[in-house]
There are 2 protein chains.
Amino acid sequence: MNTAKIDPRAIRTRRLITDSFDQLMSYKDFDHISVKDITSLATINRATFYSHFVDKYELADVMLTEKIQEIMNEHFNCFEELDEKMIIKMFQSISQIHKNLFTNCRRGYDTFGQMIEEKVKEAITLIVSHLLKTDNRLEASMFSWALYGAFVEWELTSKETLEDFAKTAASALLQIIDTSLNEKIKVV
Amino acid sequence: MNTAKIDPRAIRTRRLITDSFDQLMSYKDFDHISVKDITSLATINRATFYSHFVDKYELADVMLTEKIQEIMNEHFNCFEELDEKMIIKMFQSISQIHKNLFTNCRRGYDTFGQMIEEKVKEAITLIVSHLLKTDNRLEASMFSWALYGAFVEWELTSKETLEDFAKTAASALLQIIDTSLNEKIKVV
DNA sequence: CCATATTTGTTGCTTAAGCAACACTTACTA
DNA sequence: TAGTAAGTGTTGCTTAAGCAACAAATATGG
């Protein structure tokens, strides 16, 4: 149990930092946000920032992890089938993550976008490898890359609804994990 | 020049205190608000409260002074005539003060109401004695008491508009300071 | 009315946050 | 491209805020 009571001042300061980072991100590109920007908006001392986070990348990392995890938990529980329906949900959760986090940044051209991509793919890899009940991450990883790639493709064109697009992509995605999936069925 | 830079932590803490006091006052009677109530809503330590204010009465005092002064400054500048028009403005400013501060308390039965009354009367006394260009506060004081009393009367009945009521009361009020007013005119 | 709980100020000690100065690494721009 | 500006981490020292425990004053309700 992590019952180590945290000093209320630390909680307050951390919240001030994360809040002002959120606020800055709504109208400024991550790469052009300085630590000074964050701390002066938060009305805290710059030195204090560094006693909470190593640098702004860690801050972004921590916040992304939290937010992405939060959205993922809303969408998935641990005992589901890896089928078309689930793939649709994966596309939708990525979409929601982008809606919530990409207020003003474009994918692939800044650090923040890269971090999101990395974390989302990792989250999906974990879910998939867990559902496949295997420690071998290879197929799960390829699956997540393919799925994320498909999503980016959809974002660029977005001719179909996300759900229709997901259905089209589903079969190819399921092919990737076909072997493991069959093994799992044999065992059952 | 009061250029004594204040520690940002103190500013923040003070704001937390005043904000939560404001919030508590919106649904709780002043007499039933404890220092603990204020500090736990503000998420600060009770001991810290006492390094900012002597007690909750001082807090209320300071906040009232600020808010009343603010409203008074909106309504009055120093170079006005003490006539019917000005008296109407006085009634109106009291009305506004009560609107802003009496979200949920009733006059005369709690400490807070008494404090408001005291401060408003003092503010009016100062304005009047300033306009009369005299150090003798007696008539100014009587004037302010009478005016405040009239306002309370209006609040109870409120048959007329405040402006009409103020016009009715004006002549009697001006009587009070008649002597000083005449002396002033003689001098001019 | 008396016992029990709650609130009030106060204190000594601990810790988080502020500050200023530092060397250093990127950005501008004349 | 040289030189100034702006940003980055880090440090030692100072100060505001947290905490727990205290006696004393006020509720409050059985």
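Here is the naming used below: chain letters follow the sequence lines, and residue numbers restart at 1 for every chain. On a predicted model such as this, the values are computed, not experimentally measured, just so you know.
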Would you confirm whether Lys89(A), through its side chain, and Phe76(A), through its main-chain N or O, come within 3.5 Å as a donor-acceptor pair?
no
So that I know where these two stand, are Tyr148(A) and Trp145(A) an aromatic pair - ring centroids less than 6.0 Å apart?
no
Find the distance Phe53(A):CZ to dT10(D):P and express it as a whole number of Å.
15 Å
For Glu160(B), does the CD atom have more than 12 heavy-atom neighbours from other residues, nucleotides or ligands under 6.0 Å away?
yes
Could you tell me how far apart Ile38(B) (CD1) and dG9(C) (P) are, to the nearest whole angstrom?
11 Å
Atom CG of Asp31(B) and atom C1' of dA27(D) are separated, to the nearest Å, by 13 Å
Quick one: ring-ring contact (aromatic ring centres under 6.0 Å, His included) pairs with a partner in residues 31-52 of chain B, sequence neighbours left out?
Phe49(B)-Phe53(B)
Using atom CG of Leu24(A) as one end and atom P of dG7(D) as the other, report the distance to the nearest whole Å.
13 Å
Distance check needed: dT7(C) P versus His32(B) NE2, whole Å only.
12 Å
Using OP1 and OP2 only, check whether a side-chain N or O of Tyr50(B) sits under 4.0 Å from dT10(C).
no
Can you check each nucleotide of nucleotides 12-19 of chain D against protein heavy atoms at under 4.0 Å and return B for base, S for sugar-phosphate only, - for none, in 5' to 3' order?
---BBBSB
Is any NZ, NE, NH1 or NH2 atom of the basic residue among Glu122(B) and Arg137(B) found under 4.0 Å from an Asp or Glu carboxylate oxygen of the other?
yes
What is the bend of the helix from dC1(C)-dG30(D) to dA30(C)-dT1(D) when you compare the axis at one end with the axis at the other, using five pairs each and rounding to 10°?
50°
Take atom NZ of Lys85(A) as the centre, draw a 6.0 Å sphere, and report whether it contains more than 12 heavy atoms from other residues, nucleotides or ligands.
no
Side-chain ion pair, Lys56(A) and Asp37(A), N-O less than 4.0 Å:
no
Distance, rounded to the nearest Å, where Ile33(B) contributes CD1 and dA27(D) contributes P
16 Å
Only one of Leu101(A), Asn100(A), Ile94(A) forms a side chain to side chain contact (heavy atoms under 4.5 Å, CB included) with His98(A), so which one is it?
Ile94(A)
